[in-house]
Amino acid sequence: MTTPGQRLQTRVIATDVLVAGGGLAGVACALAAARQGVRVVLCQDRPVLGGNASSEVRMHVVGANTGRPCRALELEARETGIVEEIRLENAMRNPQRSPSMFDLILYEKCRAEPRLNLLLNTTVLGARVAGRRVETVEAIRPATEERFEISAAVHVDCTGDSALAAAAGAVWMEGREDRAAHGEALAQPAADRKRLGSTLLFMARKHDRPMPFIPPPWARKFTEEDLRLRPHATGDVDYGLEYGFWWAEWGGQFDTIREGEAIRDELLAIVMGLWDHIKNSGDHGADNWALEWFGAVPGKRESRRLIGRHILTEGDVLGSRTFPDAVAYGGWPIDLHPPEGVDRPGEPPCTQHPVPWLYDIPLGCCVARDLDNLMFAGRNLSATHVAFASTRVMATCAAVGEGVGVVAAQAVRTGRTPAAVREDPVAIAAVQQALLRQDVFLIGRRLEDAADLAGRAQVAASSETPGCEAAAVVSGVNRTVTGPRGVPADREMPGAHRWISDPAAGLPAWIELRWPAPVVVGVVELVFDSGLHRQLTLTQSDAYHRLMCWGVGQPELVKDYEIAVEQAGAWRTVAQVNGQWQRRARHDLAGIVCTAVRVTVKATWGAPAAHLVRLGAYAPGV
């Protein structure tokens with residue numbers, strides 16, 4: 001008889017960084033590390049990327065801006081960096097709001113990186129550890145009958161369930177702590193093993209005739225009394241018929257890993273029962289509506305939480321504690337749910353405790369306590385149940401993933417472990433500066449890049465809006481975060497932090513960097529204004545979708561522009577771009593000697609003036 005081991009072909013892979021888990025945290029981590037110049041293997045156990053945001057689950061990508069009183073030029077809380085790049089790409093290239101198109105965009109991003117080796121349908125099974133280091137990881141891809149032995153200098157667990165970390169013997173937490181454990185007023189009086197439940201979403205479509213629904217015999221039964229605290233079929237955000245209900249939640253009273261199949265089965269019975277109630281009990285305006293899709297993969301909120309060098313707590317979140325090793329930020333409410341979900345009809349489906357300010361997420365929450373080259377990002381980072389209830393949302397997870405990816409690359413390049421990087425203030429500062437250059441926001445920190453020639457230039461523009469002068473493009477800050485629900489007053493960095501031309505002067509409008517003597521410019525970097533005060537996420541909810549600018553570029557973004565250089569008193573155009581919709585742009589100029597660089601904005605996606613957040617210039621190879 002042939003054994004499984006004889007049937008599988010073993011492939012040995014050596015890389016710099018292994019990322020396990022291809023949700024948004026894992027994708028952002030892998031992209032960030034690869035773009036920093038190191039070799040990356042990304043293992044994802046599903047056929048698509050995106051995790052809970054993928055077409056298999058279809059949850060919203062939300063983060064620190066959701067639920068805050070965001071305002072342009074005052075409180076701009078939406079995450080930037082890689083997650084913003086993905087959102088803008090999705091908004092422009094997916095006007096039809098297709099979940100599968102979102103899968104494709106994530107896949108395409110990974111395929112575009114030459115240093116990133118993507119292994120789909122590949123599950124991490126085991127790990128070999130020597131002392132305080134993970135040496136080799138074992139993974140399997142049954143569809144191709146392959147077994148992988150992957151060795152890496154740095155390993156990152158972005159699996160959500162902490163599959164890699166558990167295989168390596170890392171310590172973790174489960175369930176809800178009591179109030180005394182970390183001094184948390186929002187914690188339980190007594191600790192237990194319960195956690196947030198999981199959800200199966202659905203989509204429905206309205207037809208031109210009545211569409212009957214016959215439920216399966218095992219469907220749950222619900223009454224209006226059962227659902228009195230759970231809005232449904234109202235047409236409001238998240239409560240219309242076209243997009244399923246996030247509150248269709250259950251299973252947090254069980255082990256969400258080992259009992260996951262039973263939880264999925266019961267969630268399907270709940271979804272069928274909810275649709276039966278909407279279609280066949282009372283008047284919900286649903287006569288012509290029919291189910292179009294319903295998930296087979298639950299959106300899992302919580303399972304294992306790993307123990308790092310720091311455990312984030314309620315006090316850290318609500319107090320916006322300053323961490324010297326911050327690599328990301330959060331701001332979603334502390335969003336606590338009854339673990340039993342719909343089986344607690346007398347309790348609201350969630351209790352959201354607003355977070356007063358944006359808060360730091362430190363690297364210490366992402367480095368394993370007992371393994372020096374193991375990191376993690378996503379919902380499994382080191383946090384109490386209460387703090388996790390804020391950090392768990394996907395835009396926050398992606399922001400953490402990008403930070404961890406840059407740390408991983410820094411560790412590889414310097415021949416150190418992530419633990420050693422964290423303990424070195426100079427190394428942490430280098431990581432933070434790399435993130436800031438990638439248009440990531442870190443509270444109270446500004447880009448201070450001695451290599452940026454813009455810092456030595458005189459900045460001028462064809463026109464300016466008062467308070468948004470040309471010099472703001474070298475402020476080193478990529479947004480305005482002031483006032484209520486922003487950041488604590490002692491961490492504010494006042495100012496608009498962007499140039500806006502005078503709307504009355506119209507377009508085109510130009511801004512330039514000018515040096516007293518010729519310089520060699522090899523790279524020009526631009527950061528445009530993408531309206532960080534707005535919501536922006538793929539949604540199947542029509543009411544929520546109406547809050548977005550979708551299918552077009554964000555109105556503040558520059559659409560058409562050109563770059564020119566001044567040489568011996570004459571201007572020469574070196575780049576022309578039409579129809580761009582991203583927030584960041586980089587132009588390689590191959591070492592041009594010049595005395596000035598000018599960016600001329602010819603058109604935007606709707607704004608009457610040019611908006612530019614940052615203009616940077618570097619020597620070749622920097």
Side-chain angles (χ1 to χ4, degrees), residues 25 63-64 157-162 165-166 170-198 249 251-257 300-323 325-340 350-370 374-397 399-401 403-404 422 443:
D157 190 325
C158 298
T159 62
D161 286 342
S162 304
V171 290
W172 71 77
M173 305 170 274
E174 287 182 294
R176 304 184 292 185
E177 298 85 1
D178 61 34
R179 291 170 185 163
H182 298 277
E184 297 179 309
L186 298 178
Q188 299 297 303
D192 60 34
R193 302 279 290 178
K194 295 181 179 180
R195 61 211 76 188
L196 301 187
S198 303
E249 181 176 356
Q253 67 273 41
F254 302 111
D255 184 331
T256 50
I257 297 175
K300 188 184 297 183
R301 291 180 174 87
E302 183 179 5
S303 53
R304 301 180 179 116
R305 305 186 313 279
L306 294 163
I307 298 179
R309 308 296 167 108
H310 178 77
I311 299 174
L312 199 72
T313 67
E314 175 188 322
D316 296 335
V317 170
L318 295 182
S320 189
R321 176 182 171 185
T322 301
F323 288 94
D325 61 336
V327 293
Y329 70 94
W332 178 260
I334 293 177
D335 184 11
L336 299 170
H337 298 204
E340 299 83 3
C350 73
T351 302
Q352 293 192 331
H353 304 272
V355 172
W357 301 289
L358 305 181
Y359 60 86
D360 284 346
I361 298 177
L363 178 59
C365 293
C366 307
V367 178
R369 187 187 71 183
D370 42 6
L374 174 64
M375 289 194 290
F376 24 86
R379 61 179 172 85
N380 60 350
L381 64 74
S382 180
T384 65
H385 172 79
V386 171
F388 148 87
S390 175
T391 65
R392 65 181 178 83
V393 290
M394 283 184 279
T396 302
C397 292
V400 175
V404 165
R422 176 179 178 261
I443 301 169

So, [X] side chain and [Y] main chain: donor-acceptor pair closer than 3.5 Å or not?
X: Arg195; Y: Arg193; result: yes
X: Asp360; Y: Pro362; result: no
X: Thr396; Y: Gly63; result: no
X: Arg305; Y: Met173; result: no
X: Glu340; Y: Gln253; result: no
X: Arg179; Y: Ala187; result: yes
X: Asp325; Y: Gly364; result: yes
X: Thr384; Y: Thr313; result: no
X: Arg176; Y: Asp192; result: no

Spacing of [atom1] belonging to [X] relative to [atom2] belonging to [Y], to within rounding of 0.5 Å:
X: Ser390; Y: Gln352; atom1: OG; atom2: CD; value: 10.0 Å
X: Arg379; Y: Ser162; atom1: CZ; atom2: OG; value: 7.5 Å
X: Thr322; Y: Tyr359; atom1: OG1; atom2: OH; value: 14.5 Å
X: Glu314; Y: Asp316; atom1: CD; atom2: CG; value: 10.0 Å
X: Arg321; Y: Leu312; atom1: CZ; atom2: CG; value: 9.0 Å
X: Ile334; Y: Thr351; atom1: CD1; atom2: OG1; value: 12.0 Å

Counting C-beta onward and ignoring hydrogens, is there a side-chain heavy-atom pair between [X] and [Y] closer than 4.5 Å?
X: Val400; Y: Cys397; value: no
X: His182; Y: Val386; value: no
X: Thr256; Y: Glu302; value: no
X: His385; Y: Leu336; value: yes
X: Pro356; Y: Leu318; value: yes
X: Glu249; Y: Arg301; value: yes
X: Ile311; Y: Ser382; value: yes

Which heavy atom of [X] sits nearest a heavy atom of [Y], and at what distance?
X: Val355; Y: Pro333; value: CG2-CA, 3.9 Å
X: Leu381; Y: Cys365; value: CB-O, 3.6 Å
X: Ala383; Y: Phe388; value: CB-N, 3.8 Å
X: Ala389; Y: Trp332; value: O-CD1, 3.6 Å
X: Asp178; Y: Ala191; value: CB-N, 3.5 Å
X: Gly160; Y: Ser303; value: O-OG, 3.5 Å

- Between Lys300 and Asp161, is the closest basic N to carboxylate O distance under 4.0 Å? yes

